[in-house]
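Input: a single structure, listed below in structure tokens.
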Amino acid sequence: MTTTWILVAERSRARIFTLQNRVAPLQELESLVHPQSRLKESELVSDHAGKLSDKGQPGTHAAPSATSAKEKEAELFARQLCQRLEQGRAQQQLERLVVIAAPDFLGLLRQQMGAALRALVVAELDKNLATASAEQIRSHLPERLAQ
């Protein structure tokens with residue numbers, strides 16, 4: 001019997017389901033939350049950006065940040081999720097993986113996945129179904145996934 005895990009995620013929450021066969025309902029294995037991703041940028045940053053001065057120009061201006069604090073939190077959560085999935089792969093708890101994530105978060109997950117985990121991905125869906133019921137999520141899965 002092939003065990004398929006379905007990761008359903010967005011920037012602040014994720015759920016992992018298992019799917020045993022074509023007719024079985026999804027079983028929620030784990031629910032993970034990342035409350036920092038819900039905070040405002042001002043709540044994540046403890047101080048102001050550094051100041052830059054242009055020689056020969058009066059005044060200073062804020063140093064631009066390459067990545068916002070909210071984006072860093074989303075990247076951190078994506079990394080944590082991929083570590084959890086990698087743990088399941090290493091313990092042979094899953095043989096196939098389906099990733100359903102909000103479009104912007106799906107890209108972050110792809111960046112964080114190692115080659116061994118990426119090799120298990122059989123389908124991706126760029127939808128935010130993190131708060132959907134198991135039945136709603138199941139309705140979005142192609143039938144070919146459960147064997």
Side-chain angles (χ1 to χ4, degrees), residues 1-52 60-147:
M1 177 171 23
T2 302
T3 301
T4 302
W5 277 15
I6 295 105
L7 172 68
V8 182
E10 52 101 1
R11 288 174 172 253
S12 64
R13 75 175 68 103
R15 295 157 67 199
I16 299 173
F17 294 89
T18 60
L19 180 62
Q20 296 297 331
N21 61 51
R22 189 179 306 273
V23 295
L26 294 181
Q27 298 294 318
E28 189 163 347
L29 179 67
E30 197 169 340
S31 180
L32 304 118
V33 293
H34 189 74
Q36 295 87 339
S37 292
R38 291 182 171 213
L39 297 176
K40 295 178 185 173
E41 185 78 20
S42 61
E43 295 171 315
L44 292 169
V45 179
S46 62
D47 59 0
H48 297 288
K51 299 286 185 184
L52 297 177
T60 61
H61 57 278
S65 174
T67 307
S68 73
K70 284 187 75 67
E71 188 66 24
K72 287 180 183 175
E73 287 299 330
E75 289 172 5
L76 174 64
F77 189 45
R79 187 176 316 116
Q80 291 171 345
L81 290 174
C82 288
Q83 288 171 348
R84 173 62 185 102
L85 295 171
E86 178 58 34
Q87 178 186 30
R89 186 203 64 78
Q91 295 174 355
Q92 299 178 342
Q93 296 173 330
L94 72 144
E95 298 169 70
R96 298 185 307 173
L97 177 63
V98 176
V99 180
I100 302 172
D104 60 330
F105 197 64
L106 182 57
L108 294 175
L109 289 167
R110 286 176 183 147
Q111 291 172 3
Q112 297 298 325
M113 276 188 197
L117 187 59
R118 220 178 359 258
L120 299 182
V121 175
V122 295
E124 291 180 340
L125 182 61
D126 60 348
K127 283 187 174 284
N128 188 351
L129 299 176
T131 59
S133 70
E135 294 80 23
Q136 290 170 322
I137 294 167
R138 177 93 161 126
S139 72
H140 284 83
L141 298 177
E143 284 188 33
R144 66 175 171 78
L145 291 178
Q147 296 177 0

Could you pull out the closest heavy-atom pair between Ser133 and Gln136, with the gap in Å? N-OE1, 2.8 Å
Please report the closest heavy-atom contact between Arg15 and Ala132, naming both atoms and the distance. NH1-O, 2.6 Å
Would you compute the distance between atom CG of Leu125 and atom NE2 of His140 and round it to the nearest 0.5 angstrom? 6.5 Å
Under the side chain to side chain contact (heavy atoms under 4.5 Å, CB included) criterion, do Leu26 and Leu141 qualify, and how do the steps go? CA-CA 11 Å; Leu26 294 181; Leu141 298 177; 4.1 Å; yes
Are any non-hydrogen side-chain atoms of Leu120 and Glu95 less than 4.5 angstrom apart? no
Any sub-3.5 Å donor-acceptor pair from Arg89's side-chain atoms to Leu94's backbone N or O? no
Hits for side-chain hydrogen bond (donor to acceptor under 3.5 Å, both in side chains) against Gln83, two or more places apart or cross-chain, chain-then-number order -> none
Using every non-hydrogen atom in the two residues, find where Ala9 and Ala14 come nearest and quote the distance to one decimal. CB-CB, 3.8 Å
Distance in Å, Leu117 CG paired with Arg84 CZ, rounded so as to fall on 0.5 Å steps: 11.5 Å
Min side-chain heavy-atom separation Met113-Val99 under 4.5 Å: yes
How far does CD of Glu75 sit from CZ of Arg11, to the nearest 0.5 angstrom? 8.5 Å
Partner residues of Arg110 under the side chain to side chain contact (heavy atoms under 4.5 Å, CB included) criterion, sequence neighbours left out: Leu106, Glu124
Rounded distance [0.5 Å steps], CD1 in Ile137 versus CZ in Phe17: 4.0 Å
When you compare the side chain of Gln93 with that of Thr18, does any pair of heavy atoms fall below 4.5 Å? no
Taking side chain as C-beta onward, heavy atoms only, is Leu109 less than 4.5 Å from Leu7? yes
Is the shortest heavy-atom distance from the side chain of Leu81 to the side chain of Phe105 under 4.5 Å? yes
Glu71 and Leu108, any side-chain heavy atoms less than 4.5 Å apart: yes
Could you tell me whether Gln87 atom CD has more than 12 heavy atoms of other residues or ligands within 6.0 Å of it? yes
Using modelled atom types only, decide if a donor and an acceptor are shared between the side chain of Arg138 and the backbone of Ala24 within a distance under 3.5 Å. yes
With sequence neighbours excluded, residues passing side-chain hydrogen bond (donor to acceptor under 3.5 Å, both in side chains) with Arg118: none
Could you check whether any side-chain heavy atom of His34 comes within less than 4.5 Å of a side-chain heavy atom of Leu76, counting everything from C-beta outward? yes
